[in-house]
Every structure is written in structure tokens, then in C-alpha cells.
Amino acid sequence: MVDLDLVRSSPELFQAACKEKNIKLDVSAFLVVDEKRRTAMAETQKMQAERNAVSKKMPTLKDKAEKEKIVKEMKALGEKLKEHEAALTALDAEWLAMQLRLPGIPLANVPKGKDDSENVEIRKWAPHQSPDGSGSGQGTIPTFDFELKDHVALGESLDIIDIPRGVKIAGARSYFLKGDGARLEFALLMFTLDHLKRKGFTAFIPPLLVNYDAMVGTSYFPGGEEMAYAVGVRKSQSQPIESDDVYLIGTSEVSVTSYHGGETLALADLPKRYCGISNCFRREAGTYGKDTHGLYRIHQFQKVEQVILCENDPEVSAKMHKEILQNAEEVLQALKLPYRVVDVCTGDMGQGQMYKNDIETWMPSRKRYGETHSCSTFHDFQSRRLNIKYTAKDGTKKFVHTLNNTCIASPRILIPVLEMYQNADGTVTIPEVLRPYMGGQEKISKPS
RNA sequence: GGAGAGGUGGCCGAGUGGUCGAUGGCGACAGUCUUGAAAACUGUUAAUCCCGCAAGGGGUUCGUGGGUUCGAAUCCCACCCUCUCCGCCA
């Protein structure tokens, strides 16, 4: 949701943002509806005020004839009022549908572009190939003196990933992680949770099934319905599916950001540093034929997501944006995985996002960087929808700013982990920082 | 799934057709008293929308949506949610 005063005074800003974000919405048409709605409101309210005033003096009336006359008048007014109220309800629905499609306006530093091909690289990191592997990040992408296997081949030969059986059980884009593959994923998640604990984040295991309001509140709906799994019940094979009207989250951002929905927080409690660890479910509708190989684009994965609620101040949220971006980079650096950070261009941004960085990690089998993290600044776009406020210094209530960023998402991150840590003999070395989470184990080898 | 009870302001809780946005208590805030604090006392204290530069005026909101009525927190219907008991079960 956006500041309506701003839409009314500067509609051109929103029309431009619509164009940049490929949102088909005529802002001037919205303003026409907005004006109609306000006019209808004024009329309806005038009639309601009259009815209330007459109602108030009704019990004091003694004269029977006069009373009957007024009842007759009020009955007529009531019928007229009912019509006006119905018209207003219809206008409200139209207004709301349009209003929910108004975009957040990208910040001035966001590059203009039509899609992800026009994202702009802002920095690269790679470990030194010095003996200790540490360094300032000015290294190059490590090279190998043997032929690399991709994660699918590695996973198969080590018996830690089973895609065919995943597909057999659950359809395309499904998989099993198995044995040390399953353990490696949990090691990555636990390492990340501990990292964020040190950074002052509170961990959440949130609901994976949420109601419609949470999906609207975080601005996935309306618009993203096709991307979410709706939970339904089929009571028999021949009967249609009944919807429970709950939805599987595509990210714990949905649950964790909604956590304080409808609340007014104390300034002293901000910023809130939260992280959700959850399974994430994505239908990936409309991506048929895209990234079909391996574990890159699948229907279900696990993710540790950072969520920030902070003061309504662009400077503060810019600082928080840097902080959660850095937290994620630190995880990749600890894993010694080469990555780059890009400024996401306007055409590749979500409806509510004001600024967004992606972190892309080097994936040898794809011979390029692949998106592994997504860091977004929303300002008050989500908090207006979720109604999350705080009491500012001056005593007024303001909407918080919200932000979020991936900290680790698996199994996508297993692609670079397995591929970069493979050895000539077909084994995979376990990244040093993960070994404490795997009982000190150093390598994944073929099961004997 | 079966049976019952209930959803009222930040919280507790009264209110069964009109002057009720709603008694009272708690909490919070301000003040009096006090060296300070506590106690006591006094006062203030819902959200949201519309009109207005403002002062201010008006609408809506007693789980949600519909209905009855001149008028609904209060009556009727549907739905949602919570609690208790039973059943089933991790």
C-alpha cells in the first residue's frame, strides 16, 4: 500500500513506476475511481448523519402524529441510504483492487532496465587461492586441474541427491536429499542461524501455512496467486477440491514480517532483527522449460531469511539494508564461495520494492553466477498493508520500514558448495566452517 | 469429527432495542503531596476514514458478513475464531 496523499498529489510518479516495473495500471483511472468514491462517501455520510440526528431525538417525541410522519420519512431515507451504501460498497471493491496494484516507487539510485539482463554488478568477491584461503576477497574464481562434475552427477555418485525418485513421488522439480546431503543442508542452516544469533537476530520457526491477509500484507497477493500453493481438500476423487483458504509460504518473510501485524511498537524496541527458518514452497508457474536441470529451480527448499522492522527513515533503512546484505555476504565468505552483488534494475523489481540487491554465487556447472540471495527494501509499503506502526519521538504514530534478505537458501546453495568443493577423486570436501555441524566430518565420500 | 460455552476499548469486565464509543476496575500518561520513591488524591487516555489551511465538523467500528427495525453492542441468519469435554492422533 502506498501513501494515498502522494498518489493524489503526484500521480505521475506512480505512473512512471508502473511503467518501469511493467505493471499495467492506469493511475489516472484510479484517481477517477478515488474521486468517485470520495464523493459517494460524502453523500452517504451526510444521509447517515441526518438519520443519526433524527434517531437521537426520536425517544423524546410525544406527539403521535408527528412521530408517525417522521418514521415514514426515515423509512424513505433508509431505503435511499441502502442504495447509496450498496453503490459505495461496489466502488470500494473497485477502488481496493486498483489500490493494491499501485507500486512502490524505486529509489533514485535504482538502475533503469527492463529485466534481469540489465541488473548492474556493483562488486565481486572471491577468496584468495593462498594456502590458507583467506584474504581480502580480491581473489579470482578458483580453477581446477581436473574435469568438473556438476552437482547432479556428484549428488548421484555420492548418493546424496536423488532427483528421479523425487520426480516419481512429487512430479517435476522435486528431489530427495539423502544421507550426507540431508546432513549438509542442515549444517548450512545451523551455521547460518548461529551466525545471525551472533548478529543479534531472533530466530523463528514460523507458520508455513498462512491466511490470505498475510499474503496480501506482504504484497505477494494480489498478483502472485499463481506462484503460491493453495491448500485444499479433495474428499473423493470425483469431487471438486475445497479450498481451506490457506497458502504455503514461498518464504518465511511472509510469516515473520506479519508477526507484528496490527501492532504499535515502541521506538526503543526498534530495529527488530528477526530471522525465519522454514521450508519454502513455490509453484514456479510459467517457468516451464526454464532451469530444468538439477536443484536450481525446485518447488520446495529450506531458507534462513532475515527480516528487519525499523524506523520510518530512509537513512536508517538504508543502513539496515547494508547490514543484512553484509550478513549474507559473510556467510558466503565463510564458505569461501565466489559471488557478486548486483543492483537489481527497475524491471526486475517486485511491486512493493524500493531497492533491491541480488547476490549471485558462482556456479561452475552453469558457468556463471546464479542468484542465491535477494535483499529488499520496502520502506512502508508492507507495513501500511500489515498495519505495523511505532510511536515516534514526537509521539505520532508512524509505519515501520521493513526489509528482508536471504541468509542461506538450500539446496540451491548446494550447487556451488558441492561443485566448488569437489575433488579429483569424486569426493567432496566439507567446508571447514560446517564441520562442527557434521560431527567433525571432513569429506563426503561414496557410501561403502 | 461429536457436545457445550464464548468473542465488547492496551488488558479485565458490565451492558438484552434509543441520550452507548459504550459503567467500573487495571494499566499507561500528566499533576498534587514528598528530599526522592511508593502510597493516596486529581485529571487525561480507542482506532480508522471523509471534509477543512486550521479550529473544528461528520461517518464507521462491540469477531466478520448479511437481515429485521425509524433506530442494533443488544433481536434473527450465515460464517470465522477461541475455550472446555469427548473421540482420533504426532
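For B/G71 and B/U19, the C1' atoms lie 13 Å apart once the distance is rounded to whole Å. Taking the P atoms as reference points, B/U48 lies 33 Å from B/A40, given to the whole Å. Across B/G24 and B/U35, the matching C1' atoms stand 37 Å from one another, rounded to whole Å.
No donor-acceptor contact under 3.5 Å links the side chain of A/Gln48 to the base of B/G59.
Among the atoms of the strands shown, base atoms are found under 4.0 Å from some heavy atom of A/Met58.
Rounded to whole angstrom, the span from the CG atom of A/Leu4 across to the C1' atom of B/C50 amounts to 13 Å.
Within the shown strands, B/U84 is the pairing partner of B/A3 under the Watson-Crick or G-U definition, both distances less than 3.5 Å.
At B/U60, one or more side-chain N or O atoms of A/Asn52 fall inside 4.0 Å of OP1 or OP2 (strictly under the cut-off). Considering only side-chain N and O atoms, A/Lys69 lies nowhere under 4.0 angstrom from the phosphate OP1 or OP2 of B/C70. Residue A/Arg51 places none of its side-chain N or O atoms closer than 4.0 Å to OP1 or OP2 of B/U69. A close approach under 4.0 Å does occur between a side-chain nitrogen or oxygen of A/Lys82 and OP1 or OP2 of B/U68. Proximity of A/Lys75 to the phosphate of B/C70: a side-chain N or O atom is located under 4.0 Å from OP1 or OP2.
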Side chain to side chain contact (heavy atoms under 4.5 Å, CB included) between A/Thr202 and A/Cys275, intermediate numbers included: CA-CA 6 Å; A/Thr202 304; A/Cys275 62; over 6 Å; no

